[in-house]
Number of protein chains: 2
Amino acid sequence: MAEPSGEQLLFLTDEQLRQGIEAMFFAYRGFTADPDRILEDMSYGRAHHRAVHFINCAPGTTVNNLLNILGVTKQSLNRVLRRLIADGLVESRVGRTDKRERHLYLTEEGKALEAKLSDAQRARMRSAYRKAGPEAVAGFRQVLEAMMDADMRRNYLALREPRP
Amino acid sequence: MAEPSGEQLLFLTDEQLRQGIEAMFFAYRGFTADPDRILEDMSYGRAHHRAVHFINCAPGTTVNNLLNILGVTKQSLNRVLRRLIADGLVESRVGRTDKRERHLYLTEEGKALEAKLSDAQRARMRSAYRKAGPEAVAGFRQVLEAMMDADMRRNYLALREPRP
DNA sequence: ACATTACGTCAGCCTTGTTGACATTCCAAG
DNA sequence: CTTGGAATGTCAACAAGGCTGACGTAATGT
């Protein structure tokens with residue numbers, strides 16, 4: 001057809017894009033709301049949640065690796081890790097081959113907190129997925145992946161590969 | 001079909017939900033990355049972006065209304081607004097009917113910044129939308145809307161209604 | 001007349017991000 | 001063996017941007 005613009009590309013108008021931006025903003029608030037409430041009770045913050053989450057799904061990860069995933073400075077992460085270790089939620093083991101590295105693991109207590117946070121967050125996710133349906137979910141994931149920075153997409157994809 | 005479980009509900013497994021959670025995390029980072037870079041140069045933060053964004057798409061909004069949308073305390077918002085007004089990006093006009101209210105407007109300079117931030121954010125959004133396609137975008141929006149808190153969804157929907 | 005609402009502001013606290021500087025420990029290359 | 005560099009930890013200091021609490025002022029509604 002001679003008219004590729006118009007209704008075909010309605011989803012690319014500035015107004016549509018603005019709505020998408022606002023949807024992201026409000027949805028992210030919902031996305032973090034439930035874990036935030038749980039964390040508040042134990043005077044932890046989102047940073048602790050993130051650390052616990054990624055240690056859980058990549059047990060034995062090094063501090064440096066976590067740094068790359070989280071995208072913060074080592075000083076920032078260290079402050080959070082120090083507290084999690086002191087509180088007995090995370091264990092830091094010196095590397096076997098390279099003793100400079102510290103490998104991070106959740107303790108039983110750490111796993112319990114992770115599960116609690118994860119359950120709350122998954123519950124909302126599950127509810128949203130169910131309301132929207134499988135096709136919508138596929139689209140959701142596609143758009144999110146396309147929205148990531150390239151290096152973060154690499155981290156994201158690496159998380160679903162089998163570990164050595 | 002007699003089997004609603006199984007492959008039909010693959011998108012609701014814990015693993016699928018976890019991937020969705022991580023996709024949200026990484027995508028939100030990408031989502032804010034471009035505006036963040038611009039803001040950094042002028043020593044503004046995300047809070048300023050949010051204020052400018054919502055004043056732009058609801059010109060004349062009151063402080064209270066903005067408070068509800070942003071979900072922060074008035075002290076927090078006030079700190080940001082004070083600077084934006086001092087810098088000449090936002091104008092605060094006393095209400096006509098109710099003189100207690102302050103109505104907020106972007107100045108020309110404020111509109112310029114908003115456009116700059118918005119352009120950067122829309123560019124990424126447009127690119128993601130284009131890569132994913134219209135059907136994916138529809139699903140993306142559906143899931144995001146389902147993920148919001150009910151009261152935030154009200155705010156979200158109110159933003160696309162015509163104003164008096 | 002009085003309570004309430006909308007807003008601004010001051011003071012102080014917390015989390016979580018930042019930079020810079022410096023020590024330690026270890027691996028690897030010269 | 002020595003030395004450079006990488007990985008980590010730690011200390012200090014700072015800023016943004018959340019929060020609470022308290023107080024003041026002006027306008028509004030009852």
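Residue numbers start from 1 in every chain, and the chains themselves are labelled A, B, ... in the order their sequence lines are given, proteins ahead of strands. Every heavy atom of this structure was used, including side-chain atoms; hydrogens, water molecules and symmetry mates were not.
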Exercise. With nearest nucleotides of DNA chain C determined for Gly71(A) and Val94(A) from heavy-atom distances, which residue corresponds to the more 5′ nucleotide?
Worked result: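 The residue closer to the strand's 5' end, by nearest nucleotide, is Gly71(A).
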
Problem set entry | Toward the 5' end of DNA chain C, by each residue's nearest nucleotide, Ser76(A) or Leu67(B) |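 Per heavy-atom nearest nucleotide, the more 5' residue is Leu67(B).
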
For this session: Determine whether the side chains of Glu91(A) and His103(A) contain a donor N or O and an acceptor N or O closer than 3.5 Å.
Result: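 No, because no side-chain N or O of Glu91(A) sits under 3.5 Å from a partner of the opposite role on His103(A).
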
Exercise. Does a side-chain heavy-atom distance below 4.5 Å link Val63(B) with Lys74(B)?
Worked result: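 Side-chain contact under 4.5 Å: no.
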
For this session: Look at the side-chain N and O atoms of Thr73(B) and state whether any lies under 4.0 Å from the OP1 or OP2 oxygen of dG18(D).
Result: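 No, no such contact exists.
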
Exercise. Any chance CD of Glu40(A) has more than 12 other-residue heavy atoms, nucleotides or ligands included, within less than 6.0 Å?
Worked result: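 Counting other residues, nucleotides and ligands, CD of Glu40(A) stays at 12 neighbours or fewer.
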
Exercise. Considering only side-chain heavy atoms of Arg82(B), which listed nucleotide, dT9(C), dT16(C), dG18(D), is closest?
Worked result: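 Looking only at heavy atoms from C-beta outward on Arg82(B), the closest nucleotide is dT9(C).
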
Provide, to the nearest angstrom, the distance between the [atom1] atom belonging to [X] and the [atom2] atom belonging to [N].
{"X": "Arg79(B)", "N": "dC13(C)", "atom1": "CZ", "atom2": "P", "value": "15 Å"}
{"X": "His103(A)", "N": "dG9(D)", "atom1": "NE2", "atom2": "P", "value": "11 Å"}
{"X": "Leu77(B)", "N": "dA6(C)", "atom1": "CG", "atom2": "P", "value": "15 Å"}
{"X": "Lys99(B)", "N": "dT4(C)", "atom1": "NZ", "atom2": "P", "value": "24 Å"}
{"X": "Arg96(A)", "N": "dC27(C)", "atom1": "CZ", "atom2": "P", "value": "14 Å"}
{"X": "Ile85(A)", "N": "dT10(D)", "atom1": "CD1", "atom2": "P", "value": "8 Å"}
{"X": "Asn68(B)", "N": "dA6(C)", "atom1": "CG", "atom2": "P", "value": "10 Å"}
{"X": "Asn78(B)", "N": "dG17(D)", "atom1": "CG", "atom2": "C1'", "value": "13 Å"}

For this session: Run the numbers on Cys57(A) and Leu159(A) for side chain to side chain contact (heavy atoms under 4.5 Å, CB included), then give the verdict.
Result: CA-CA 8 Å; Cys57(A) 69; Leu159(A) 284 168; 4.1 Å; yes

Exercise. Pick the nucleotide of DNA chain D nearest each of Val72(B) and Arg83(B); which residue has the one closer to the 5' end?
Worked result: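 On the 5' side of the pair lies Arg83(B).
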
Exercise. Who are the ring-ring contact (aromatic ring centres under 6.0 Å, His included) partners of Tyr156(A), not counting sequence neighbours?
Worked result: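 Applying ring-ring contact (aromatic ring centres under 6.0 Å, His included) to Tyr156(A) gives none.
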
Exercise. Looking at residues at least two apart in the chain, or sitting in another chain, which of them share a ring-ring contact (aromatic ring centres under 6.0 Å, His included) with Phe54(B)?
Worked result: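 Partners of Phe54(B) under the ring-ring contact (aromatic ring centres under 6.0 Å, His included) test: Phe25(A), Phe26(A).
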
Exercise. What residues in residues 23-50 of chain B put a non-hydrogen atom under 4.0 Å from any atom of DNA chain D?
Worked result: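 Heavy-atom contacts with DNA chain D come from Gly45(B), Arg46(B), Ala47(B), His48(B), Arg50(B).
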
Could you list the protein-to-nucleotides 4-7 of chain D atom pairs, N/O on both sides, closer than 3.5 Å?
from   : atom 1 : to        : atom 2 : distance (Å)
dA6(D) : N3     : Arg100(A) : NH1    : 3.1

Exercise. Distance from Ser118(B) atom OG to Ile21(A) atom CD1, nearest 0.5 Å?
Worked result: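 Rounded to the nearest 0.5 Å, the OG-CD1 separation comes to 5.0 Å.
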
Exercise. At what distance, to the nearest 0.5 angstrom, does CG of Leu81(B) lie from OG of Ser92(B)?
Worked result: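 The OG atom of Ser92(B) is 8.0 Å from CG of Leu81(B), to the nearest 0.5 Å.
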
Problem set entry | Electrostatic pair Arg122(A):Asp119(A) at N-O distance under 4.0 angstrom |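 Salt bridge: yes.
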
Identify each atom pair where a protein N or O and an N or O of nucleotides 21-23 of chain C are less than 3.5 Å apart, giving names and distance.
none

Problem set entry | Criterion salt bridge (Lys or Arg N to Asp or Glu O under 4.0 Å) on Arg29(B) and Asp149(A), from CA distance to verdict | CA-CA 8 Å; Arg29(B) 280 253 291 280; Asp149(A) 273 339; over 6 Å; no

For this session: Quickly, which of Gln121(B), Arg46(B), His49(B) forms a side chain to side chain donor-acceptor pair (under 3.5 Å) with Thr32(B)? Name it, please.
Result: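 In the set Gln121(B), Arg46(B), His49(B), the residue that makes a side chain to side chain donor-acceptor pair (under 3.5 Å) with Thr32(B) is Arg46(B).
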
For this session: Please list, chain by chain and in numerical order, all residues satisfying salt bridge (Lys or Arg N to Asp or Glu O under 4.0 Å) with Glu109(A), sequence neighbours excluded.
Result: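 Scan of Glu109(A) (salt bridge (Lys or Arg N to Asp or Glu O under 4.0 Å), adjacent residues dropped) gives none.
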
